[in-house]
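Within every chain, numbering begins at 1; the chains are lettered A, B, ... in the order of the sequence lines, protein sequences first and strands thereafter.
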There are 2 protein chains.
Amino acid sequence: MESGKKVQEFFKEKRKQLNLTQPELAKKAGVGLRFIREVEQGKTSMRVDKVNQVLKLFGYELGPVLVKRDKTDL
Amino acid sequence: MESGKKVQEFFKEKRKQLNLTQPELAKKAGVGLRFIREVEQGKTSMRVDKVNQVLKLFGYELGPVLVKRDKTDL
DNA sequence: ATAAATTATACCATAATGGGTATAATTTCG
DNA sequence: CGAAATTATACCCATTATGGTATAATTTAT
């Protein structure tokens with residue numbers, strides 16, 4: 001699993017925490033419904049600014065994070 | 001300044017830490033030279049997977065980070 | 001100051017994102 | 001178990017990101 005699930009999972013989790021449906025989140029964030037769906041479905045080639053439009057609702061934004069090496073691959 | 005300088009600055013800093021030119025970084029990361037340039041120039045609409053191709057060289061990847069509220073807007 | 005190296009800007013072509021939407025599949029719940 | 005809500009898949013299309021490259025501008029170094 002080359003990671004990439006980060007944003008995907010984050011969207012789902014935060015969205016449900018706020019009890020929003022995909023259409024509701026899309027509307028609130030000002031992005032298309034298709035975008036929300038594709039990201040939650042695991043797409044990794046979406047645009048950074050679009051992701052940030054959504055993360056902003058959660059009080060987050062995309063940034064470089066240190067990749068934690070798993071004990072298994074040392 | 002709605003942020004957005006994060007990746008831009010990160011690229012520049014890390015690249016210089018490794019003493020790489022833009023063409024060298026582009027080649028190592030497997031992305032186009034234009035991509036490196038546009039990001040370092042402040043573009044915010046680039047693709048997440050492309051950014052990650054570069055961040056990977058530095059041991060980083062894009063992820064949701066909490067937006068720290070500045071004292072000025074409290 | 002001049003030459004060399006690095007970075008910035010501009011143009012073209014291609015491929016793919018994102019939006020919209022209709023429909024199917026799945027989940028939720030009464 | 002069936003109806004309603006939610007989510008997943010598929011298609012069309014306009015916009016745009018990306019790559020390549022040539023050239024200009026800027027920076028670095030001698």
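- The distance from atom CZ of B/Phe11 to atom CG of B/Leu20, rounded to the nearest 0.5 Å, is 12.5 Å.
- Between the CG atom of A/Leu18 and the P atom of D/dT6 there is a distance of 15 Å, rounded to whole Å.
- A straight line from CZ of B/Arg15 to C1' of C/dT7 spans 8 Å, rounded to a whole angstrom.
- Considering all non-hydrogen atoms of both residues, B/Val51 and B/Phe35 come closest at N-CZ, 3.7 Å.
- Within the nucleic acid shown, B/Glu40 has no heavy atom closer than 4.0 Å to any nucleic acid atom.
- Checking the phosphate oxygens (OP1, OP2) of D/dA5, no side-chain nitrogen or oxygen of A/Gln22 falls inside 4.0 Å.
- When the side-chain nitrogen and oxygen atoms of B/Thr21 are compared with OP1 and OP2 of C/dT6, none of them lie within a distance under 4.0 Å.
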* side-chain contact (heavy atoms from CB on, under 4.5 Å) assessment of B/Val54 paired with B/Arg15 -> CA-CA 10 Å; B/Val54 178; B/Arg15 178 168 67 76; over 6 Å; no
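- Atoms CG (B/Leu20) and P (C/dT7) sit 10 Å apart, rounded to a whole Å.
- Closest approach to the B/Arg47 side chain among D/dA17, C/dA8, D/dT7 is made by D/dA17 (side chain taken as heavy atoms from C-beta onward).
- Nearest approach of B/Leu62 to B/Leu55, heavy atoms of both residues: N-CD1, 3.6 Å.
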* Report the C-alpha distance between A/Tyr60 and A/Asn52 in whole Å, list the side-chain angles of each, state the deciding distance to 0.1 Å, and finish with yes or no for side-chain contact (heavy atoms from CB on, under 4.5 Å). => CA-CA 8 Å; A/Tyr60 285 76; A/Asn52 280 332; over 6 Å; no
Is there any protein nitrogen or oxygen under 3.5 Å from a nitrogen or oxygen in nucleotides 20-28 of chain D, and what are the pairs?
| residue | atom | partner | partner atom | Å |
| --- | --- | --- | --- | --- |
| D/dG20 | O6 | B/Arg34 | NH1 | 2.9 |

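- We find that CZ of A/Phe35 is positioned 10 Å from C1' of C/dT17, with the value rounded to whole Å.
- If you check the side chains of B/Gln8 and B/Gln41, you find no donor sitting under 3.5 Å from an acceptor.
- The NZ-P distance, from B/Lys43 to C/dT17, rounds to 14 Å in whole Å.
- For the OP1/OP2 pair of D/dT9 and a distance below 4.0 Å, the side-chain nitrogens and oxygens of A/Gln41 include at least one atom meeting the criterion.
- The backbone N or O of A/Arg47 sits nowhere less than 3.5 Å from a side-chain atom of B/Arg47 that would complete a donor-acceptor pair.
- At the phosphate of D/dG19, OP1 or OP2 sits under 4.0 Å from a side-chain N or O atom of B/Lys50.
- A straight line from CD1 of B/Ile36 to P of D/dT18 spans 11 Å, rounded to a whole angstrom.
- Rounded to a whole Å, the NZ atom of B/Lys16 is 18 Å from the P atom of C/dA5.
- Of the possible donor and acceptor atoms, none in the side chain of A/Glu61 sits under 3.5 Å from a partner among the backbone N and O of B/Val67.
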* Evaluate the criterion salt bridge (Lys or Arg N to Asp or Glu O under 4.0 Å) for residue pair A/Glu24 and A/Lys28; output intermediate values, then yes/no. => CA-CA 6 Å; A/Glu24 289 170 339; A/Lys28 272 184 178 282; over 6 Å; no
Name the pairs: protein N/O against N/O of nucleotides 27-30 of chain C, kept only if under 3.5 Å.
none

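- Rounded to whole angstrom, the span from the NZ atom of A/Lys27 across to the C1' atom of C/dG19 amounts to 16 Å.
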